[in-house]
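Each remark here refers to the structure printed beneath this line.
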Amino acid sequence: MVTPVVSKDPSLALPKEVEELVFYEYIQRKDSHFELDELENYIHDEMILNRAPMKYFCDLGINSYTVTTSGDVYPCQLLVNKKVFKIGNITDGKEILNNKLKFYASKQKEVVDKSKYEQCKKCYLQYFCTSCPASNYLLNGTMTPTFSECETNRQNIIGILLEYVSHLKKENVE
């Protein structure tokens with residue numbers, strides 16, 4: 001899978017068309033049975049059928065944190081050294097740090113909870129999609145999702161499922 005660069009510098013960004021082309025070339029290789037296994041693994045284990053529904057776009061600052069070598073705690077590695085996102089330090093003491101983590105998590109849930117967004121309420125992938133609040137912040141100054149990739153994500157899932165069904169049909173014919 002192609003992971004986009006998070007930068008305001010447009011020269012570093014991978015054009016959406018190229019990202020989609022690389023993705024579709026990956027799922028449409030027709031050279032071996034291994035490809036069907038990859039698709040099956042992606043559908044069953046990594047992406048769709050056995051993946052637990054996700055209430056949040058990302059669990060940054062809720063269930064996952066980044067700790068720097070100096071002991072500073074941040075919600076995500078992309079936000080390290082951004083003072084506004086520093087949650088605390090491991091030297092703060094267990095109770096104090098625990099309270100800070102709980103407080104930050106409650107604030108973060110308000111931003112990344114999909115159920116509060118109208119676009120998500122109407123989407124059939126509501127509990128399976130992800131978004132990167134940290135990259136939204138770095139690019140737009142807010143952690144609020146932009147929903148700019150929603151249609152691409154839906155089309156990618158449809159493409160994967162159609163490709164998988166196509167391979168299953170071919171395998172059953174042979």
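Small disclaimer: the values here were computed from a predicted structure and weren't measured.
- In this model, no donor atom of one side chain and acceptor atom of the other lie less than 3.5 Å apart for N140 and T142.
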* Do T144 and N136 pass the side chain to side chain contact (heavy atoms under 4.5 Å, CB included) test, and can you show the C-alpha distance, the side-chain angles, and the key distance before you say yes or no? -> CA-CA 7 Å; T144 304; N136 288 340; over 6 Å; no
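- Side-chain contact between T130 and C58 is absent, with no heavy atoms from C-beta onward closer than 4.5 Å.
- L97 and V67 fall within a single hydrophobic cluster, where Ile, Leu, Val, Met, Phe, Trp and Tyr side chains are chained together by heavy-atom contacts under 4.5 Å.
- Scanning all heavy atoms of the two residues, the minimum distance from L78 to S135 falls at CD1-N, 4.2 Å.
- In this structure E151 satisfies the side-chain hydrogen bond (donor to acceptor under 3.5 Å, both in side chains) test together with R154, Q155, sequence neighbours excluded.
- Atom NZ of K121 sits in a crowded spot, with more than 12 heavy atoms from other residues, nucleotides or ligands closer than 6.0 Å.
- Atom SG in C123 sits 12.5 Å away from atom CD in E118 (nearest 0.5 Å).
- Clustering ILVMFWY residues whenever any of their side-chain heavy atoms sit less than 4.5 angstrom apart, transitively, puts I90 in the very cluster that holds Y104.
- Side chain of N89 to main chain of S70: a donor-acceptor pair is present (N/O by atom type, distance under 3.5 Å, no hydrogens or angles).
- Contact annotation: the side chain of K107 never approaches that of V111 to less than 4.5 Å [non-hydrogen atoms, C-beta and beyond].
- In the hydrophobic clustering of ILVMFWY residues, with side-chain heavy atoms under 4.5 Å counting as a link, L138 and V84 come out together.
- When side chains are defined from C-beta on, L101 counts as touching Y65, because their heavy atoms get closer than 4.5 Å.
- Checked by atom type and distance alone, the side chain of Y137 never pairs as donor or acceptor with a backbone atom of P133 at under 3.5 Å.
- The OH atom of Y56 lies 8.5 Å from the OG atom of S115; values are rounded to the nearest 0.5 Å.
- In this structure, SG on C120 lies 11.5 Å from NZ on K122, to the nearest 0.5 angstrom.
- Ring pair F57/Y117: centre-to-centre distance below 6.0 Å.
- Put simply, CD1 on I62 and NZ on K109 are 6.0 Å apart, with the number rounded to the nearest 0.5 Å.
- Atoms CD1 and CG, from I158 and N153 in turn, are 11.0 Å apart once rounded to the nearest 0.5 Å.
- Hydrophobic clustering places L162 together with L125 (ILVMFWY residues linked when any side-chain heavy atoms are closer than 4.5 Å, directly or through intermediates).
- Looking at residues two or more places apart in sequence or on another chain, you find no side-chain hydrogen bond (donor to acceptor under 3.5 Å, both in side chains) involving N98.
- K116 places a side-chain N or O within donor-acceptor distance of the main-chain N or O of E110, the cut-off being under 3.5 Å.
- Distance alone, capped at 3.5 Å, is enough to place a donor-acceptor pair between the K114 side chain and the M54 backbone.
- Separating the OG1 atom in T66 from the CG atom in L60 is a distance of 9.0 Å, to the nearest 0.5 Å.
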* Apply side chain to side chain contact (heavy atoms under 4.5 Å, CB included) to V112 and M143, showing your working. => CA-CA 8 Å; V112 298; M143 287 201 165; 5.6 Å; no
